[in-house]
Amino acid sequence: MKHWLLKTDPDTFAWKDLENAPGKKTIWDGVRNYQARNLMRDDMSVGDLALFYHSQSDPPLVMGIVSITKTGIADPTQFDRKSKYYDADANPAEPRWMTIEIGLERALPKPVPLPDLRVTRGLENMVLLRRGSRLSVQPVTDKEWTIVLRMGGL
DNA sequence: GCCAACGTTGGC
DNA sequence: GCCAACGTTGGC
């Protein structure tokens with residue numbers, strides 16, 4: 001089983017939105033970056049776990065744990081003219097933007113602030129902490145996973 | 001609000 | 001194929 005980190009701007013979709021979603025599940029739509037897409041399409045499996053991270057908050061926080069509940073989903077927003085993620089070049093026969101469905105596993109008892117991650121030994125190479133890192137879907141090593149969960153009170 | 005870093009677009 | 005211009009992300 002692999003571990004991941006999913007970044008989201010809470011103004012767009014927050015942890016509480018996941019808590020309120022039917023079945024506490026959601027399609028992870030709107031990702032428009034090829035590297036992120038490739039990770040979701042090629043490397044994620046049902047049952048993998050991911051950290052749910054709020055960017056653009058003060059401070060940015062790791063909020064909780066989600067699981068990958070479905071893979072190989074064509075992001076419906078690419079075909080939706082009314083969506084801000086609409087892609088005029090997307091072809092329904094060969095969808096460009098593939099995504100996943102996630103389900104809530106559990107909230108971290110203590111959400112972990114980004115500044116704490118930055119000063120924690122063992123996380124020096126975490127993708128999230130790399131300079132200029134903007135990737136919204138990232139791999140997390142087993143070691144990093146264990147450290148972050150412990151910081152979060154698990 | 002600022003701005004560095006990054007990804008994409010498009011002219012050549 | 002190069003690279004300048006542009007738009008976006010996201011920490012601060």
Side-chain angles (χ1 to χ4, degrees), chain A residues 2-21 26-44 48-68 71-102 104-105 107-141 143-153:
Chain A
K2 299 196 200 70
H3 293 122
W4 308 94
L5 182 145
L6 298 175
K7 208 185 274 185
T8 178
D9 175 351
D11 287 342
T12 302
F13 190 87
W15 179 259
K16 66 168 168 40
D17 295 319
L18 183 59
E19 287 179 333
N20 294 331
T26 190
I27 292 180
W28 204 242
D29 59 18
V31 175
R32 293 293 180 271
N33 170 282
Y34 288 104
Q35 198 178 345
R37 178 205 67 182
N38 292 347
L39 288 171
M40 293 195 291
R41 187 188 61 186
D42 304 333
D43 297 326
M44 278 189 181
D48 285 357
L49 297 175
L51 300 170
F52 189 102
Y53 173 82
H54 278 182
S55 64
Q56 312 274 92
S57 70
D58 187 18
L61 293 168
V62 178
M63 297 297 293
I65 302 171
V66 299
S67 60
I68 312 308
T71 59
I73 301 170
D75 183 338
T77 61
Q78 68 191 305
F79 306 122
D80 178 0
R81 290 179 173 279
K82 297 192 298 283
S83 169
K84 67 177 284 199
Y85 304 115
Y86 176 66
D87 182 344
D89 296 330
N91 171 9
E94 205 174 340
R96 171 181 298 184
W97 302 110
M98 300 300 292
T99 188
I100 54 164
E101 179 193 66
I102 60 168
L104 188 151
E105 288 294 322
L108 290 181
K110 298 185 298 175
V112 184
L114 178 62
D116 289 6
L117 296 175
R118 288 202 185 282
V119 297
T120 299
R121 279 195 57 181
L123 300 183
E124 293 84 359
N125 296 318
M126 200 170 173
V127 176
L128 182 70
L129 306 182
R130 291 186 193 155
R131 225 164 80 89
S133 171
R134 285 172 23 185
L135 195 58
S136 66
V137 177
Q138 311 178 354
V140 172
T141 67
K143 189 176 93 176
E144 291 161 353
W145 180 264
T146 303
I147 293 172
V148 176
L149 261 52
R150 189 177 307 134
M151 292 172 74

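Below, chain A is the first sequence line, B the second, and so on; all start at residue 1. Just so it is clear, the values below take in all heavy atoms, side chains as well, and ignore hydrogens, waters and symmetry mates.
Rounded to an integer number of Å, the gap from A:D87 CG to C:dG7 P is 18 Å. As rounded to whole Å, 14 Å separates atom P of C:dG7 from atom CZ of A:R134. The distance from atom CZ of A:R37 to atom P of B:dG7 is 15 Å, rounded to the nearest whole Å. Here C:dC12 presents its P atom at 16 Å from CG of A:D9, a figure rounded to the nearest Å. Regarding A:N33, its CG atom lies at a distance of 19 Å from the P atom of C:dG7, rounded to whole Å. As a whole-Å value, the separation of A:N38 CG from B:dG7 C1' is 14 Å. Summarising the geometry, the separation between NE2 on A:H54 and C1' on C:dG11 is reported as 16 Å, rounded to the nearest angstrom. Atom CG in A:D11 sits about 13 Å away from atom P in C:dG10, given to the nearest Å.
A side-chain donor from one of A:T77 and A:R32 sits under 3.5 Å from a side-chain acceptor of the other.
For the pair A:K7 and C:dG10, the criterion of a side-chain N or O lying under 4.0 Å from OP1 or OP2 is met. For C:dT9, neither phosphate oxygen OP1 nor OP2 lies less than 4.0 angstrom from any side-chain nitrogen or oxygen of A:Y53.
Side-chain atoms of A:R96 never come within 3.5 Å of backbone atoms of A:N91 as a donor-acceptor pair (strictly under, hydrogens ignored). Formation of a donor-acceptor pair under 3.5 Å by the A:S67 side chain with backbone atoms of A:E105 is not found in this model. Side-chain atoms of A:E19 never come within 3.5 Å of backbone atoms of A:D17 as a donor-acceptor pair (strictly under, hydrogens ignored).
Of all non-hydrogen atoms in A:D48 and A:K2, the two that sit nearest each other are OD1-N, 3.1 Å.
In this structure, the ring of A:Y34 has its center less than 6.0 angstrom from the ring center of A:W97.
Here the CG atom belonging to A:D29 is positioned 7.0 Å from the OG1 atom belonging to A:T99, to the nearest 0.5 angstrom.
Within residues 112-133 of chain A, the residues that place at least one heavy atom under 4.0 Å from DNA chain C are, in residue-number order, A:L114, A:R118.
In this structure, A:P59 reaches neither bases nor backbone, as no heavy-atom distance under 4.0 Å exists between it and the strands shown.
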